[in-house]
Engineer: 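Let me begin by handing over the structure; questions about it come next.
Letters A, B, ... mirror the listed sequences (proteins, then strands); counts begin at 1. Values below: all heavy atoms of this structure, side chains included; hydrogens, waters and symmetry mates excluded.
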Amino acid sequence: MLDINFIRQNLAEVKKSTAEKGYKTDIDAVLKMDDERKEIQKKVEALRTERNSIAAQMKGGKPAPELIEKGKSIKQELSTLESELSEKESLVNNALKTIPNVIFDDVPLGGEECSVEVKKWGKNKEKGTDHLDLATSRDWVDFERGAKVAGAKFYYLKNELALLENALLQFGMKKVLEHGFSYMTTPDLVSSRVLEGTGFAPRSSEQSDEYFIEGEDLALIATAEMAITGYHMDEIIDEAKLPLLYAGYSACFRKEAGAYGKYTRGLFRVHQFNKLEMYIFCLPEQSKEMHEKILGIEEEIWQELGIPYHVINIAAGDLGAPAAKKYDLEYWSPVNQKYQELTSCSNCTDFQARSVNVRVRRKDGKVEFVHTLNGTAISLARAMVAVLENYGTEDGKLKVPEALKPYLGNRDEL
RNA sequence: GGAAGAUUGGCCGAGUGGUUGAAGGCGCACGACUCGAAAUCGUGUAAGGGCUUUACGCUCUUCAGAGGUUCGAAUCCUCUAUCUUCCGCCA
């Protein structure tokens with residue numbers, strides 16, 4: 001969430017970002033609500049001051065009946081005002097959550113189609129292998145039994161494909177470790193505070209894409225980003241310890257309601273997949289550099305795997321609430337003859353940090369919110385699609401990319 | 001799942017109704033000593049909000065969370081969460 005005072009001081013900018021991101025929030029109404037809150041707060045504080053001074057006068061011990069009477073009447077008056085105040089506070093707070101993060105100047109305006117290609121790598125292939133046909137013919141994936149056991153879009157990975165998944169993970173893990181990330185596995189469920197603090201829609205929202213546990217304040221994570229965002233919740237971190245680089249490996253669960261169609265065939269869009277996610281807590285002045293660092297690692301991974309891709313700077317209308325800027329890395333699908341999303345990385349500035357209250361203590365003692373960034377190191381289901389499409393052979397086999405051979409017994413082919 | 005105990009500032013840890021926003025220690029910052037450093041000594045050091053005379057100002061809130069008792073709560077009561085130990089269960 002944004003800081004109410006930041007909104008007041010940067011009203012035009014906040015309004016512009018909110019509109020560009022496609023949010024309908026009436027910012028002026030929120031400010032007016034907050035003004036009302038302040039008025040009540042002033043009254044409450046005046047009463048409390050009086051109460052405190054009466055209590056202080058009685059410290060000696062002598063019970064003065066008039067004072068006690070006065071105290072009693074203040075107590076009465078306070079209780080109604082205080083409940084009014086807390087009501088107003090939660091209204092303001094909920095409204096604040098509906099205002100998205102401000103975008104950076106270099107974010108293209110407009111909808112999805114306005115995203116800008118910033119880099120391109122590799123030579124796009126003209127012909128590829130359908131990943132699902134290949135995997136099915138080799139008994140590498142079983143969607144039918146996945147559906148029988150858990151429903152549509154659940155699957156079993158088998159044999160060489162399951163081994164390929166493991167190889168991709170090992171490869172990705174090696175990369176992030178080389179770049180100084182510390183590896184962790186995370187809880188696969190988080191509380192609503194963490195979910196909403198990360199910027200995801202609450203249980204009550206129609207847009208929510210998460211699986212919620214009935215009767216518990218828990219949801220299955222859609223990405224390890226959620227679990228890691230909560231990792232330092234309510235903490236104040238020493239400046240010297242930043243940046244903190246985490247690579248979290250977890251299962252990811254998404255409802256993906258209504259997201260079926262030609263381009264979501266097979267493993268491309270599923271309800272459950274595994275992912276290694278990079279996450280950084282850093283100083284505000286470091287976050288832009290860290291964003292480029294994460295993007296660089298993502299590019300390095302796909303270059304070494306030999307998969308052609310391009311990088312796009314996501315337009316405002318396609319950005320989520322927490323992101324100030326986001327890059328997507330899309331690989332060239334030789335099957336669909338188009339670019340398809342493979343990874344993405346976002347700079348969330350202090351938006352998430354404010355919501356989950358993660359701060360830094362500067363050398364001079366000042367405390368402020370950190371910046372957070374997240375990026376996909378390797379999302380296994382999609383990574384497998386990209387590899388199969390690019391490395392499938394004419395005779396129904398899979399050529400092993402050089403970078404993965406060490407993790408597949410140095411085999412040339414699967 | 002059952003029982004007992006615990007939860008205090010960046011960290012550790014005193015504190016059972018009224019100079020406690022909170023002793024002491026660690027850490028950190030600054031200063032002294034030093035050629036420099038270590039050690040030592042001294043001083044300072046919670047966060048968040050509001051107001052204005054923007055001042056080393058005034059004020060409010062916060063001792064896990066929520067509610068209650070009281071003129072007054074870190075301290076008493078209730079519920080919830082988490083942690084520890086014991087029992088049960090178990091990969």
Engineer: Between B/U16 and B/U75, how far is it from one C1' atom to the other, in whole Å?
Structural biologist: 5 Å
Engineer: Rounded to the nearest Å, what distance is computed from the CD atom of residue A/Glu77 to the P atom of nucleotide B/C71?
Structural biologist: 16 Å
Engineer: Would you mind reading off the distance between A/Glu82 atom CD and B/A66 atom P, rounded to a whole angstrom?
Structural biologist: 13 Å
Engineer: Hey, is the side chain of A/Arg51 poking within less than 4.0 Å of OP1 or OP2 on B/U61, counting only N and O atoms?
Structural biologist: yes
Engineer: What is the distance, to the nearest angstrom, from the CG atom on A/Asp238 to the P atom on B/A29?
Structural biologist: 9 Å
Engineer: What integer distance in Å separates A/Glu239:CD from B/A29:C1'?
Structural biologist: 13 Å
Engineer: With the side chain of A/Lys38 defined as its heavy atoms from C-beta on, choose the nearest nucleotide among B/C51, B/G49, B/G72.
Structural biologist: B/C51
Engineer: Given that A/Glu368 and A/Thr49 both sit by RNA chain B, which one's nearest nucleotide is further toward the 5' end?
Structural biologist: A/Glu368
Engineer: Between B/C60 atom P and A/Glu89 atom CD, what is the distance in whole Å?
Structural biologist: 17 Å
Engineer: For B/A14, which nucleotide is its Watson-Crick or G-U wobble mate, given both distances must be under 3.5 Å?
Structural biologist: none
Engineer: What integer number of Å spans the P atoms of B/G10 and B/A47?
Structural biologist: 7 Å
Engineer: Using every non-hydrogen atom in the two residues, find where A/Trp302 and A/Tyr309 come nearest and quote the distance to one decimal.
Structural biologist: CB-CD2, 3.9 Å
Engineer: Compare the minimum distances between each of B/C60, B/G18, B/A47 and the side chain of A/Ala55, then state the nucleotide with the smallest one.
Structural biologist: B/G18
Engineer: For B/A38 and B/G27, measure between their P atoms and round to the nearest Å.
Structural biologist: 12 Å
Engineer: Is there a Watson-Crick or G-U wobble partner for B/A64 with both distances under 3.5 Å, and if so, which one is it?
Structural biologist: B/U80
Engineer: Please check if the number of heavy atoms outside A/Arg203 that lie under 6.0 Å from its CZ is greater than 12.
Structural biologist: yes
Engineer: Go through the steps to decide whether A/Tyr327 and A/Glu298 satisfy the test side chain to side chain donor-acceptor pair (under 3.5 Å), and finish with yes or no.
Structural biologist: CA-CA 10 Å; A/Tyr327 293 119; A/Glu298 295 183 3; over 6 Å; no
Engineer: Between B/G57 and B/A39, how far is it from one P atom to the other, in whole Å?
Structural biologist: 33 Å
Engineer: Relative to each other, are the rings of A/His232 and A/Phe281 parallel, tilted or perpendicular (30° and 60° limits)?
Structural biologist: perpendicular
Engineer: Students often get this wrong, so: under 4.0 angstrom with heavy atoms, is A/Lys70 touching a base, only sugar-phosphate, or nothing?
Structural biologist: nothing
Engineer: Can you tell which of B/A46, B/U61, B/G72 lies closest to the side chain of A/Arg361?
Structural biologist: B/A46
Engineer: Starting at the 5' end of RNA chain B and moving along, which residue's nearest nucleotide shows up first, A/Ile4 or A/Asn52?
Structural biologist: A/Ile4
Engineer: Rounded to whole angstrom, note down the P distance from B/A6 over to B/G15.
Structural biologist: 12 Å
Engineer: What residues form a salt bridge (charged side-chain N to carboxylate O under 4.0 Å, His left out) with A/Lys175, not counting sequence neighbours?
Structural biologist: A/Glu178, A/Glu300, A/Glu304
Engineer: Compute the ring centroids of A/Tyr279 and A/Tyr246, then answer whether they are less than 6.0 Å apart.
Structural biologist: no
Engineer: Classify the ring geometry between A/Tyr339 and A/Trp332 as parallel (under 30°), tilted (30 to 60°) or perpendicular (over 60°).
Structural biologist: perpendicular
Engineer: Give the rounded distance in Å between these two atoms: CD1 of A/Ile236 and P of B/A47.
Structural biologist: 7 Å
Engineer: Expressed as a whole number of Å, how far does the C1' atom of B/C76 sit from that of B/A91?
Structural biologist: 45 Å
Engineer: Tell me the partner of B/A74, counting only Watson-Crick (N1-N3 plus N6-O4 or O6-N4) or G-U wobble (N1-O2 and O6-N3) with both under 3.5 Å; none if nothing fits.
Structural biologist: none
Engineer: Measuring to OP1 and OP2 of B/G10, would you say a side-chain N or O of A/Arg359 lies under 4.0 angstrom away?
Structural biologist: no
Engineer: Which base, if any, makes a Watson-Crick or G-U wobble pair with B/U53, both distances under 3.5 Å?
Structural biologist: none
Engineer: Round to a whole Å and report the spacing from NZ of A/Lys88 to C1' of B/U61.
Structural biologist: 20 Å
Engineer: What's the gap between B/G31 and B/G24 when it is taken at their C1' atoms, as a whole Å value?
Structural biologist: 23 Å
Engineer: Please give the nucleotide sitting opposite B/C90 as a Watson-Crick or G-U wobble pair, both distances under 3.5 Å, or none.
Structural biologist: none
Engineer: For B/U40, give its Watson-Crick or G-U wobble partner with both distances under 3.5 Å, or none.
Structural biologist: B/A32
Engineer: How far does the P atom of B/G2 sit from the matching atom of B/G21, given to the nearest Å?
Structural biologist: 39 Å
Engineer: Output the rounded distance in Å from CG (A/Asp234) to P (B/A47).
Structural biologist: 15 Å
Engineer: So what does A/Asn5 hit on the nucleic acid, given a heavy-atom distance under 4.0 Å: a base, only sugar-phosphate, or nothing?
Structural biologist: sugar-phosphate
Engineer: Is A/Glu45 side chain donor-acceptor paired with the B/G49 base, going by distance under 3.5 Å alone?
Structural biologist: yes
Engineer: Ignoring backbone atoms, establish whether A/Lys72 has a side-chain N or O less than 4.0 Å from OP1 or OP2 of B/C71.
Structural biologist: yes
Engineer: Applying a 3.5 Å limit to both distances, which nucleotide forms a Watson-Crick or G-U wobble pair with B/U69?
Structural biologist: none
Engineer: Mind checking side chain to side chain contact (heavy atoms under 4.5 Å, CB included) for A/Ala227 and listing every partner two or more places apart, or none if nothing turns up?
Structural biologist: A/Thr186, A/Pro187, A/Val190
